[in-house]
6 protein chains.
Amino acid sequence: MTAFNVPTIVQALKAARNEWRNAQRRSNGSGGRTFPSTDAMVRIMDDLKGILFPMRLGPSDLRQESEDYYVGHTLHAMLHTLLQQVRLELKCHEAHKNDDTALDQKAIQLVHDFSQALPDIRRLLDSDVMAAYHGDPAANSVDEVLLCYPGVSAMIHHRIAHRLYRLGLPLLARVSAELAHSQTGIDIHPGAQIGGSFFIDHGTGVVIGETAIIGERVRIYQAVTLGAKRFPTDDCGQLEKGLPRHPIVEDDVVIYAGATILGRVTLGHGCTIGGNVWLTHDVPPGRHVTQAESKDTKISDPEIR
Amino acid sequence: MTAFNVPTIVQALKAARNEWRNAQRRSNGSGGRTFPSTDAMVRIMDDLKGILFPMRLGPSDLRQESEDYYVGHTLHAMLHTLLQQVRLELKCHEAHKNDDTALDQKAIQLVHDFSQALPDIRRLLDSDVMAAYHGDPAANSVDEVLLCYPGVSAMIHHRIAHRLYRLGLPLLARVSAELAHSQTGIDIHPGAQIGGSFFIDHGTGVVIGETAIIGERVRIYQAVTLGAKRFPTDDCGQLEKGLPRHPIVEDDVVIYAGATILGRVTLGHGCTIGGNVWLTHDVPPGRHVTQAESKDTKISDPEIR
Amino acid sequence: MTAFNVPTIVQALKAARNEWRNAQRRSNGSGGRTFPSTDAMVRIMDDLKGILFPMRLGPSDLRQESEDYYVGHTLHAMLHTLLQQVRLELKCHEAHKNDDTALDQKAIQLVHDFSQALPDIRRLLDSDVMAAYHGDPAANSVDEVLLCYPGVSAMIHHRIAHRLYRLGLPLLARVSAELAHSQTGIDIHPGAQIGGSFFIDHGTGVVIGETAIIGERVRIYQAVTLGAKRFPTDDCGQLEKGLPRHPIVEDDVVIYAGATILGRVTLGHGCTIGGNVWLTHDVPPGRHVTQAESKDTKISDPEIR
Amino acid sequence: MTAFNVPTIVQALKAARNEWRNAQRRSNGSGGRTFPSTDAMVRIMDDLKGILFPMRLGPSDLRQESEDYYVGHTLHAMLHTLLQQVRLELKCHEAHKNDDTALDQKAIQLVHDFSQALPDIRRLLDSDVMAAYHGDPAANSVDEVLLCYPGVSAMIHHRIAHRLYRLGLPLLARVSAELAHSQTGIDIHPGAQIGGSFFIDHGTGVVIGETAIIGERVRIYQAVTLGAKRFPTDDCGQLEKGLPRHPIVEDDVVIYAGATILGRVTLGHGCTIGGNVWLTHDVPPGRHVTQAESKDTKISDPEIR
Amino acid sequence: MTAFNVPTIVQALKAARNEWRNAQRRSNGSGGRTFPSTDAMVRIMDDLKGILFPMRLGPSDLRQESEDYYVGHTLHAMLHTLLQQVRLELKCHEAHKNDDTALDQKAIQLVHDFSQALPDIRRLLDSDVMAAYHGDPAANSVDEVLLCYPGVSAMIHHRIAHRLYRLGLPLLARVSAELAHSQTGIDIHPGAQIGGSFFIDHGTGVVIGETAIIGERVRIYQAVTLGAKRFPTDDCGQLEKGLPRHPIVEDDVVIYAGATILGRVTLGHGCTIGGNVWLTHDVPPGRHVTQAESKDTKISDPEIR
Amino acid sequence: MTAFNVPTIVQALKAARNEWRNAQRRSNGSGGRTFPSTDAMVRIMDDLKGILFPMRLGPSDLRQESEDYYVGHTLHAMLHTLLQQVRLELKCHEAHKNDDTALDQKAIQLVHDFSQALPDIRRLLDSDVMAAYHGDPAANSVDEVLLCYPGVSAMIHHRIAHRLYRLGLPLLARVSAELAHSQTGIDIHPGAQIGGSFFIDHGTGVVIGETAIIGERVRIYQAVTLGAKRFPTDDCGQLEKGLPRHPIVEDDVVIYAGATILGRVTLGHGCTIGGNVWLTHDVPPGRHVTQAESKDTKISDPEIR
């Protein structure tokens with residue numbers, strides 16, 4: 001068998017990398033990786049699922065009598081793994097580039113704050129589980145909901161990712177969110193603020209944007225979009241980042257499958273948005289929104305088509 | 001490096017778990033896990049794929065001359081793994097809580113019945129593979145269809161999950177179905193009854209509900225929903241479970257991408273439902289249904305918008 | 001515990017396989033597998049990601065000073081693994097069935113040609129990364145885009161799969177594409193021709209067909225379909241394969257979420273297609289297309305419904 | 001490639017198994033495995049090493065602050081794994097064959113008793129570690145001794161195996177002992193009674209028999225045998241099992257490399273046995289035993305040989 | 001952190017390799033590996049243990065009712081793995097260097113012959129197991145012997161390795177033998193001819209040479225050497241290879257621990273060789289050989305030493 | 001099933017640890033592990049074998065054309081793994097306890113020095129391989145020697161361990177040496193100085209002490225001991241460490257199996273030591289040493305015994 005001239009390709013790939021690095025004004029020095037690792041976040045999320053729900057999402061041979069040992073051991077390992085990832089993300093931020101001690105102290109503080117939030121995250125997720133159980137006629141038990149429902153799985157990721165986002169760790173938050181997106185088809189930006197007892201049924205194709213605000217006891221179905229209407233650009237033509245541009249959804253709203261809500265509009269308390277509705281304006285509390293003509297269709301015989 | 005005060009968090013997490021358990025009236029005793037394991041179902045489904053299609057989905061070094069050894073060995077291991085999972089699910093059901101011998105006998109009977117159904121499942125799946133090959137102009141061979149088509153993969157899961165569902169194992173059925181949902185974006189409730197030669201193309205976003213009934217030689221495309229229109233509640237305001245609430249699709253129907261069919265309506269033999277149609281009423285046999293005005297659009301110059 | 005009568009089931013499964021093989025006119029001989037392996041393609045794609053982006057998608061402890069060693073070592077291993085898969089695919093093609101030497105030479109030539117294309121693939125992907133960074137207000141860095149954006153991940157797979165497709169390896173191409181489809185919910189047929197600086201945001205539910213042609217700097221959102229309108233059949237009622245049947249999208253077009261473009265239509269340079277638009281005709285350059293009546297909705301009080 | 005006629009060999013192997021089973025009067029029924037698993041014992045021993053010495057033989061990222069969580073979690077898992085193996089061994093013993101409840105109760109009692117002994121086993125092993133540190137001029141620290149000395153590793157296995165042996169679990173004990181034998185070349189029968197502060201240097205080839213009794217602070221070197229002189233047979237010509245047939249070694253004895261001590265002899269308190277000595281009689285306390293003529297050798301010039 | 005100047009070391013290592021290759025007159029071309037793989041032989045040996053003793057050394061969840069499926073499946077996979085290794089070894093032999101077809105045919109023939117021998121190997125090993133059970137007063141069951149006795153494990157390897165050796169595959173045979181040597185400390189050259197019912201107790205340090213011939217029902221203990229006395233050289237000063245140079249041990253001989261038997265001597269039927277005996281001449285049948293003066297020892301008081 | 005009262009055992013184990021730590025005057029703080037990891041050294045040794053002999057001990061699919069990529073990539077990874085272990089060992093040494101920067105610099109320097117020595121280590125090992133090939137009549141090729149001979153494997157470990165020992169890393173050196181001891185039964189202290197072309201045949205039971213010095217072209221057999229005669233104690237009764245106390249073996253010496261050489265004696269150039277010889281005095285160059293009476297044995301008839 002002949003060789004494939006590997007050295008030539010290696011050189012050409014190096015040239016391509018250098019073009020990019022020069023364009024990005026990055027050094028070609030001897031530096032190591034300064035970027036969080038997806039694999040590490042996968043392990044962290046798996047550990048967190050076991051820490052939060054030891055008897056359901058922990059190891060299959062766990063028994064209640066030793067739950068605390070399992071939780072303590074796994075928590076300890078997870079926090080130190082997370083600390084390393086937090087350090088890597090902080091290194092990507094400008095302010096910390098030249099002071100390792102300050103960076104280390106900040107990383108420890110952030111992981112400490114994150115760890116304190118875990119019991120509240122568990123309570124919020126319990127409310128989401130109950131919401132799913134009460135909201136789906138096909139649900140037989142809270143356990144089935146916790147193990148099988150992609151919407152619950154997405155919310156475990158989101159409530160953790162949102163906490164990381166609020167602590168100033170948008171990258172780690174984003175990696176966590178994308179793990180759920182890949183697994184469930186539900187794409188919730190970690191910046192979205194979501195109240196308790198939230199339920200997403202089926203879920204594939206759901207998109208919830210960065211500045212969306214969702215109240216208590218909201219229920220949505222597959223392919224619902226809470227998106228931005230337009231992307232304003234600044235004077236230089238650059239997209240303006242961080243502006244509130246996604247919907248506000250008040251308590252007890254239900255949004256059926258395929259509905260698209262765009263822009264900083266408000267869906268009032270208790271209103272209902274019908275399937276496939278396209279909406280770019282506010283809805284007062286308590287109203288039902290449906291298609292204007294409920295999508296008439298034409299039936300024809302194929303012979304005469 | 002300082003510690004993260006792990007014991008405090010462990011205690012707070014325990015408190016959160018106890019709140020939940022008290023609310024759910026669950027014991028805080030020393031019990032073990034009484035719930036099926038997702039990891040076990042992953043292994044069972046992988047084994048089943050190899051058992052059903054040894055030369056295509058079995059080990060890559062298999063040869064026809066030893067197919068039966070592979071099938072027999074894998075079948076045996078799979079059935080005993082499944083038996084354990086069936087026991088765990090039966091334990092969750094009220095009736096079997098206090099009679100281990102009856103439970104064991106029932107579990108063995110169920111696994112036995114399941115094993116008998118495998119050859120028929122294979123035949124049904126062969127018809128699905130042929131339907132995909134004949135239904136997609138991009139398909140080059142039946143082998144490509146079996147290996148690459150997410151719709152076929154989803155049907156392998158569904159035909160197995162549906163059998164588990166009919167045997168009275170809704171939890172194991174649901175876990176199997178969600179494995180396919182996560183991998184393909186196709187969400188078929190294990191209760192749905194689907195005839196032979198069924199083909200789903202592309203598939204992402206497809207939702208088929210628990211009481212849907214689908215005939216022979218039906219073809220559907222991505223983002224098609226066969227859903228429920230409303231969720232009736234009983235006198236106590238609880239959702240009524242188990243009522244027929246999803247469409248009946250008769251033989252030889254085609255439903256194009258994005259169509260939404262809701263409620264216990266019937267799509268008659270041989271009819272065609274156009275893309276994005278929203279449908280909540282019956283369609284007689286042989287008709288074409290399209291949007292009333294085929295979705296007119298407005299073209300404007302950007303300058304004057 | 002009683003046995004499950006494994007031999008009976010093994011025999012029944014063998015009978016089912018033989019029915020299929022007889023129907024497909026396949027031999028029941030002692031042949032081995034002559035089909036590419038999905039597991040092997042998973043490894044090849046993982047290696048390729050590391051080869052193309054060593055410091056971001058390669059091993060987490062890599063350092064710039066030894067990038068070339070890593071790239072060379074991984075490239076070498078990947079090319080020989082690919083060579084085996086290419087041989088398996090070529091064996092499925094009629095022409096090579098009886099001449100092993102010619103098949104081996106062709107396989108080596110194809111892998112060689114593929115390897116030469118890698119630097120250009122990297123450059124195209126760099127343009128896609130920049131397009132995502134500039135196109136999403138939530139993107140904080142090019143690194144975040146490369147690691148987290150499913151649209152970028154899908155394009156890494158597509159640009160590789162498209163090269164395999166053009167080399168005459170449609171099966172390997174398809175397996176690669178489906179790996180991305182499963183992970184991201186984005187379904188791009190490997191035959192699709194896509195220019196540089198292409199950006200898919202969110203992505204779940206996107207479908208791009210085999211004969212689609214997409215220009216430079218195009219941006220699309222979730223659930224966009226570039227599909228075929230109808231499937232013409234030949235005189236025997238068989239689907240005609242390979243005809244141009246998907247849209248042509250010229251440079252600098254933007255297509256918002258949920259839009260469906262069907263058939264061999266052309267979207268002119270710089271035009272914009274609004275969300276949920278259903279389109280089956282050409283659009284001149286520079287125009288905006290939106291829903292005719294922008295989806296009016298009806299708001300009603302729930303009491304009087 | 002031709003087949004290897006696998007079915008013929010499978011049948012011939014089955015015939016060979018049946019000959020054996022018939023000769024052993026074993027059933028050819030459908031029974032499962034009723035024998036402990038070496039793999040399970042490997043895991044149990046690994047867990048026990050971590051449980052006994054968490055900061056040295058536990059996970060490399062453990063920290064003192066969470067030692068107890070690690071110990072508790074691992075202990076719990078190990079005890080339940082061990083329980084299964086104890087059940088399997090008890091099933092091999094005649095008396096328990098027909099009463100599952102009694103067997104289960106006995107298994108739980110045995111594992112409970114074993115778990116209670118762990119702190120004392122740790123203390124004994126600490127004394128062995130100190131003995132090694134003080135007994136070897138090449139030892140630099142107690143940590144080095146614990147991590148690197150095969151004699152210490154063999155004693156960890158032995159002190160656990162001896163406890164299992166005394167609890168009436170000779171098979172599990174033997175499997176544990178053979179794991180150490182394979183790893184270190186030190187073959188200590190689990191029945192041997194060995195006092196504290198025991199040190200084996202180098203160790204390869206050491207053999208200590210089932211009924212040997214060794215006092216406190218004994219030190220031995222490689223290739224030392226404490227064996228049986230003869231194997232008495234009973235009237236039927238069968239070996240008599242269980243008779244005391246190996247040496248008694250009193251406190252503070254040193255036995256140098258290659259010495260062979262056979263039969264139920266007593267080496268008195270504080271005596272020293274020289275290298276390569278062959279000994280089959282008692283030695284009074286405090287004496288030195290060396291070769292009668294200290295192994296004279298003859299030196300010759302090779303030319304005249 | 002600074003770099004370690006990896007390129008310089010890589011070049012220096014290449015130079016060292018080239019020196020060796022030049023000295024060995026080997027090419028520096030682009031060739032691949034033409035040498036059997038130890039890892040592959042590890043897998044082959046593990047498979048063979050399960051094939052020969054499915055209920056004891058096969059998977060722990062196997063049941064008798066599906067033994068044949070397991071054996072057939074594993075046998076098939078093992079034979080094809082072995083075929084590859086046989087090809088690699090044959091390529092190392094001069095005669096087959098230039099004729100791939102002849103080499104392939106020979107490889108298939110050799111693997112076929114090997115597979116036919118497996119039932120007889122099982123029967124021989126059964127006799128070894130019985131010999132161990134009857135020969136050791138500490139043995140409680142034939143199962144314990146099969147699972148725990150290093151001497152039995154060494155014989156499983158040897159009887160397989162010897163068959164490979166006789167088929168003309170000395171390298172594969174040697175690799176198999178060294179796996180046992182590493183695990184048990186028992187070093188049996190694959191060329192040694194050993195009759196049935198052979199038992200090695202303890203075993204560490206046993207060495208049995210290439211041309212040794214051992215009869216039926218022989219028993220040996222740890223550290224026994226059956227070696228060569230001298231290594232005759234030919235006229236060029238090269239060692240003469242292949243000459244008979246190790247002992248012949250007739251039926252029913254017992255050799256106790258540490259005995260050293262050197263050269264082409266014969267130990268007659270039924271004789272016994274005592275511990276530590278050094279023997280370089282024949283022993284007539286039925287005799288006992290012990291040390292001339294049974295190793296007198298001198299006991300001295302330490303004070304006066 | 002009842003619980004095993006895990007908390008009680010956890011507390012008792014903690015008490016046992018604390019006794020030890022108090023006795024050793026160690027803190028009970030929150031410190032992490034400051035000790036090298038055996039697992040890490042296993043990986044480092046595996047990498048080093050591939051780096052030194054890429055085509056024989058590297059990955060089985062390597063080809064000469066990409067040797068340097070493999071070597072460079074593996075070398076880089078290994079050096080950084082080693083660096084971490086070196087830091088951990090340096091932290092155990094008193095002098096570096098309080099100056100992290102100095103420790104880091106020293107660690108880098110040591111790893112750098114080690115890396116420079118690799119080409120010379122390869123050359124020395126090549127001479128050992130040739131010595132084995134020429135020294136064993138059963139050796140068929142240099143490749144067989146490198147893959148199969150435990151003596152060669154032990155020397156790969158030793159030459160690396162000795163380099164670590166000389167760099168002042170006795171712990172890492174010892175861990176490496178014990179890995180070989182466990183695998184081969186050959187126990188060479190990393191401090192021993194051994195010249196080129198060294199060959200150990202069979203090897204089980206060989207012991208070579210810390211201060212032994214061995215010349216060029218020396219050959220030894222199984223169970224040879226180069227040990228210390230006595231262990232002098234200082235005034236406090238402590239063993240004096242580091243004194244020269246093992247033999248000096250000059251060039252071209254051969255020592256046959258089982259010979260025991262004790263103390264700081266010198267075996268002169270070219271002399272030969274017979275099997276089982278016990279030697280505690282110098283031997284002049286060129287002499288043969290054998291047992292004084294060549295081990296006469298007594299043959300008796302069993303009847304009259």
Side-chain angles (χ1 to χ4, degrees), chain C residues 33 36-37 39-88 104-105 107-119 122 172, chain F residues 33 36-37 39-88 104-105 107-119 122 172:
Chain C
R33 188 189 188 91
S37 146
D39 288 347
M41 285 311 292
V42 168
R43 283 198 305 280
I44 287 168
M45 293 307 297
D46 279 350
D47 281 353
L48 278 166
K49 286 175 195 171
I51 288 163
L52 290 167
F53 299 95
M55 291 300 290
R56 290 291 170 259
L57 305 181
S60 66
D61 60 350
L62 191 66
R63 301 169 66 81
Q64 282 196 22
E65 73 208 41
S66 72
E67 269 182 322
D68 284 349
Y69 290 122
Y70 165 73
V71 170
H73 174 54
T74 310
L75 182 60
H76 181 267
M78 183 277 295
L79 291 175
H80 284 86
T81 310
L82 180 60
L83 183 59
Q84 275 196 304
Q85 300 304 309
V86 169
R87 276 206 200 95
L88 286 170
D104 276 4
Q105 284 178 344
I108 289 170
Q109 185 62 45
L110 291 177
V111 173
H112 175 267
D113 292 353
F114 175 76
S115 73
Q116 298 293 318
L118 289 173
R122 160 80 198 224
L172 296 180
Chain F
R33 188 190 189 90
S37 146
D39 288 347
M41 286 308 293
V42 168
R43 283 199 304 279
I44 288 168
M45 293 305 298
D46 279 349
D47 281 352
L48 277 167
K49 286 175 195 170
I51 288 164
L52 290 168
F53 298 95
M55 292 299 291
R56 289 291 171 256
L57 306 180
S60 66
D61 61 350
L62 191 66
R63 300 170 66 83
Q64 281 197 24
E65 74 211 39
S66 75
E67 269 183 321
D68 284 350
Y69 290 121
Y70 165 73
V71 170
H73 176 53
T74 309
L75 181 61
H76 181 267
M78 184 276 296
L79 292 174
H80 284 86
T81 309
L82 181 59
L83 183 59
Q84 275 196 302
Q85 299 303 310
V86 169
R87 277 206 198 95
L88 286 170
D104 276 4
Q105 285 178 343
I108 289 170
Q109 185 62 45
L110 291 177
V111 173
H112 175 267
D113 292 353
F114 175 76
S115 73
Q116 298 294 318
L118 290 173
R122 159 80 198 226
L172 296 180

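A quick note: this is a predicted structure, and the numbers were derived from the prediction, not measured. Lettering follows sequence order; numbering is per chain, from 1.
- Between C:Y69 and F:Y69, the ring-plane angle classifies as perpendicular under the 30° and 60° cut-offs.
- A distance of 6.0 Å separates NE2 in C:H76 from CZ in F:R63, rounded to the nearest 0.5 Å.
- In this structure, CD on F:Q84 lies 9.5 Å from CG on C:D61, to the nearest 0.5 angstrom.
- Separation of atoms CG (C:L62) and NE2 (F:H80) is listed at 10.0 Å; rounding is to 0.5 Å.
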